[in-house]
Amino acid sequence: VQLQASGGGLVQPGGSLGLSCVASGRVLSINAMGWYRQAPGKQRELVALITSGGSTNYADSVKGRFTISRDNAKNTVTLQMNSLKPEDTAVYYCNADGTYRSTYGPMTFRSWGQGTLVTVSS
């Protein structure tokens, strides 16, 4: 299963940006979908997570500013980022886990998108 992320770019502090990620392949079901980020010199960290039932979890640093949502029918997850700060600058990665249809029957997967750069700077 492949994940394709899009939507990164340059934005001024206080601005907004939306990220989108779509899962493709022989997907049968997707459990959790999420966004992680990695800033230069730092470890990758969880930004936001959403379950198949719609439950969400956010890093404290983005609560109230970021909103994660998903479209189960389209196997997509989006991250709406508002009130962006310079410290939000990072490469953002989408992630998903679930099951797919293989030659041998249903198999589990956990996939990462290719990463999209978000730069918050004036």
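Keep in mind that what you see is a predicted model, and the values were worked out from it rather than measured.
The two atoms that bring I30 and A96 nearest to each other are CG2-CB, 4.1 Å, heavy atoms only. When all heavy atoms are compared, the tightest approach of W35 to I68 is CD1-CD1, 3.8 Å. Considering all non-hydrogen atoms of both residues, S83 and S16 come closest at N-OG, 4.4 Å. Closest non-hydrogen pair, A90 versus L117, comes out as O-CD1, 3.6 Å. The two residues F109 and S29 come nearest to each other via the heavy atoms CE2-O, 3.8 Å. G115 approaches V91 most closely through the heavy-atom pair CA-CG1, 3.8 Å.
Looking at heavy atoms from C-beta onward, R101 lies out of side-chain contact with M107 at the 4.5 angstrom threshold. Taking 4.5 Å as the limit, some side-chain heavy atom of R65 sits within range of a side-chain heavy atom of D88. Taking the side chain as every heavy atom from C-beta outward, N57 and L46 approach each other to under 4.5 Å. Within the 4.5 Å cutoff, no side-chain heavy atoms of R70 are placed close to those of T78. Using a 4.5 Å heavy-atom threshold, the side chains of M81 and V118 count as touching. Two residues are said to be in side-chain contact when any heavy atoms from C-beta on lie closer than 4.5 Å; L17 and L84 meet this criterion.
Annotation: the span from E45 atom CD to R37 atom CZ amounts to 4.5 Å, rounded to 0.5 Å. The line from CG of L79 to OH of Y36 is 13.0 Å long, rounded to the nearest 0.5 Å. To the nearest 0.5 Å, atom OH of residue Y92 and atom OG1 of residue T116 are 10.5 Å apart. Summarising the geometry, atom CG belonging to N31 is positioned 6.0 Å from atom OG belonging to S52; distances are rounded to the nearest 0.5 Å. Note that CZ of F66 is 8.5 Å distant from CG of N82, once rounded to the nearest 0.5 Å. Taking CD of Q2 as the start and OG of S111 as the end, the distance is 7.0 Å to the nearest 0.5 Å.
Using modelled atom types, one finds no donor on one side chain facing an acceptor on the other under 3.5 Å when comparing D71 with T76. A donor and an acceptor atom, one from each side chain of T99 and T108, are nowhere located under 3.5 Å apart.
Note on L19 and L3: separate hydrophobic clusters, where clusters join Ile, Leu, Val, Met, Phe, Trp and Tyr whose side-chain heavy atoms are under 4.5 Å apart, directly or indirectly. Cluster membership for V47 and V22, using ILVMFWY side-chain heavy atoms within less than 4.5 angstrom, is not shared.
With hydrogens and angles ignored, the 3.5 Å screen pairs no side-chain donor or acceptor of S102 with any backbone N or O of P106. With hydrogens and angles ignored, the 3.5 Å screen pairs no side-chain donor or acceptor of T119 with any backbone N or O of L10.
Residue-environment remark: CD (E87) exceeds the threshold of 12 foreign heavy atoms within 6.0 Å.
By the salt bridge (Lys or Arg N to Asp or Glu O under 4.0 Å) test, K63 is found to be paired with D60, residues two or more places apart in sequence or in another chain being considered.
Relative ring orientation between Y93 and W112 is described as perpendicular, the plane-to-plane angle rising above 60° on a 0-90° scale split at 30° and 60°.
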(request) Would you please test L49 and T56 for side chain to side chain contact (heavy atoms under 4.5 Å, CB included) and show each step? (result) CA-CA 5 Å; L49 195 72; T56 58; over 6 Å; no
